[in-house]
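What follows is a short report on a single structure.
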Amino acid sequence: MDRGDRLSGPRGRGLARWQQGERDLAHPLLDAYLRPQPRLAAGEALRGLASAAIDISDGLLADLGHLLRASNVGAQLDLAALPLATPLRAILDGDQVQRRVLAGGDDYELLVTLPPAQLAGAQQQLAALHLPLTPIGRIVAGEGIGGLPEAFAGLGGWDHFAERRA
């Protein structure tokens, strides 16, 4: 599997397969789950370029929400720009893949914000590491996340405190 073709979701789907008893360690979704590759070098390469960064271990929407609340801003997502993992596309339809990418967690890909003037430099830094940098939206004034279809309203991600509140 081409690791550059992964985005949030394969690790979460790998976890689901593991919980269902799948033990084929050569399966790309299980490989993604069992052998995570935190983007430490990417984070270091983006130091001085990115204005904020977070891994998407709780899911893209949840962790984007954390970043937005901490910064008192909103975001406009471009769902068509999301790079969707090949293993997920092979087993799920487009809408299901987007849901998994947006709400699935247990990933270590980085979500970063960059001033527009820093985008080319950041892409160049990551290209040297053989990693893509894909713009998936923009930061906007206000609050919340725009660009989501009504059908995705209420999607979240992993909430560490949900069980304690129940």
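Closest non-hydrogen pair, Pro135 versus Gln123, comes out as CD-NE2, 4.0 Å. Counting all heavy atoms, side chain and backbone alike, Pro132 lies closest to Leu126 at O-CD1, 4.1 Å. Across Ile145 and Gly65, no two heavy atoms sit closer than the pair CD1-N, 4.4 Å. Closest non-hydrogen pair, Val112 versus Ala50, comes out as CB-CB, 4.2 Å. Listed here is the closest heavy atom pair of Thr134 and Ala81: CG2-O, 3.4 Å.
The side-chain contact (heavy atoms from CB on, under 4.5 Å) test applied to Arg138 returns Gln76, Val140, not counting sequence neighbours. Not counting sequence neighbours, the partners of Asp24 by the side-chain contact (heavy atoms from CB on, under 4.5 Å) test are Glu22, Ala26, His27. A search for side chain to side chain donor-acceptor pair (under 3.5 Å) contacts involving Asp63 returns nothing, not counting sequence neighbours. Residues satisfying the side-chain contact (heavy atoms from CB on, under 4.5 Å) test with Gln124, not counting sequence neighbours, are none. Every residue meeting the side-chain contact (heavy atoms from CB on, under 4.5 Å) condition with Ala122, not counting sequence neighbours, appears here in chain and number order: Leu46, Leu49, Leu114, Leu133.
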(request) Output, in order, the C-alpha distance, side-chain angles, deciding distance and verdict of side chain to side chain contact (heavy atoms under 4.5 Å, CB included) for Leu67 and Val73. (result) CA-CA 9 Å; Leu67 189 146; Val73 293; 5.5 Å; no
(message) Between Leu82 and Leu102, is the side chain to side chain contact (heavy atoms under 4.5 Å, CB included) condition met? List the steps.
(response) CA-CA 9 Å; Leu82 291 174; Leu102 293 169; 4.1 Å; yes
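Using a 4.5 Å heavy-atom threshold, the side chains of Ile56 and Leu64 count as separate. Contact check for Ile136 versus Leu111: side-chain heavy atoms found under the 4.5 Å cut-off.
Listed by first and then second residue, the side-chain hydrogen bond (donor to acceptor under 3.5 Å, both in side chains) pairs involving residues 40-51 are Ser51-Thr113 (not counting sequence neighbours).
Atom CG in Leu34 sits 12.5 Å away from atom CZ in Arg17 (nearest 0.5 Å). Between the CG atom of Leu129 and the CG atom of Leu40 there is a distance of 11.0 Å, given to the nearest 0.5 Å.
When hydrophobic clusters are built by joining Ile, Leu, Val, Met, Phe, Trp and Tyr residues whose side-chain heavy atoms come closer than 4.5 Å, directly or via intermediates, Leu25 is grouped together with Tyr33.
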